[in-house]
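For reference, the structure discussed in these notes is given below.
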Amino acid sequence: QLWYSFLESEIDNKVLLEKAKIDSIVISDDQVNQQMDARVSQLIQQAGSEQALEDAFGKSIIQLKADFRDTFREQMTANQLRQIKYSEINITRPEVKEFFDAIPK
């Protein structure tokens with residue numbers, strides 16, 4: 001069951017990334033760097049020090065950033081597409097009421 005959930009999630013992400021390409025959604029290097037720096041700072045704080053983080057991963061901070069750059073960009077691109085699509089959804093209170101009233105009791 002866990003495997004299928006993971007697979008479904010990966011397929012969803014690939015579909016979102018393809019749609020983002022079609023919609024010309026681009027995440028700049030500066031945005032990626034900013035998010036990565038914030039995440040690395042969080043990890044350093046959790047680990048206690050830069051050295052502790054590097055020891056835990058067995059890599060330098062620079063190597064970690066290089067390894068995860070593409071993953072970060074993909075996540076940010078998918079999130080940007082979701083945000084754009086969700087912002088286009090408008091649901092009114094009467095529509096919600098109508099939906100719930102239509103459910104058989």
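Excluded from the calculations below are hydrogen atoms, water molecules and symmetry mates; all remaining heavy atoms, backbone and side chain alike, are included. Source: prediction; values computed, not measured. Residue indices begin at 1 and follow the sequence shown.
When the side-chain hydrogen bond (donor to acceptor under 3.5 Å, both in side chains) test is applied to Lys85, no partner is found at least two apart in sequence or on another chain. With sequence neighbours excluded, no residue forms a salt bridge (Lys or Arg N to Asp or Glu O under 4.0 Å) with Asp30. For Tyr4, there are no side-chain contact (heavy atoms from CB on, under 4.5 Å) partners at least two apart in sequence or on another chain. Residues satisfying the salt bridge (Lys or Arg N to Asp or Glu O under 4.0 Å) test with Glu18, not counting sequence neighbours, are Lys21. Judged as a side-chain hydrogen bond (donor to acceptor under 3.5 Å, both in side chains), and not counting sequence neighbours, the contacts of Glu95 are Thr92. Not counting sequence neighbours, the partners of Asp29 by the salt bridge (Lys or Arg N to Asp or Glu O under 4.0 Å) test are Arg73. Evaluation of the side-chain hydrogen bond (donor to acceptor under 3.5 Å, both in side chains) rule for Gln31 yields Ser28 as partners, not counting sequence neighbours. Considering only residues two or more places apart in sequence or on other chains, Gln51 meets the side-chain hydrogen bond (donor to acceptor under 3.5 Å, both in side chains) condition with Asp55. Scored by the side-chain contact (heavy atoms from CB on, under 4.5 Å) test, Ala66 finds no partners at all (sequence neighbours excluded). Scored by the side-chain contact (heavy atoms from CB on, under 4.5 Å) test, Ile89 finds Tyr86, Ile91 as partners (sequence neighbours excluded).
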Only pairs under 3.5 Å count here: list side-chain donor-acceptor contacts from residues 7-14, not counting sequence neighbours, and write none if there are none.
unit_1	atom_1	unit_2	atom_2	d
Asn13	OD1	Arg82	NH2	3.3

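Residue pairs that meet the side-chain hydrogen bond (donor to acceptor under 3.5 Å, both in side chains) test with at least one member in residues 41-50, sequence neighbours left out, are Arg39-Gln42.
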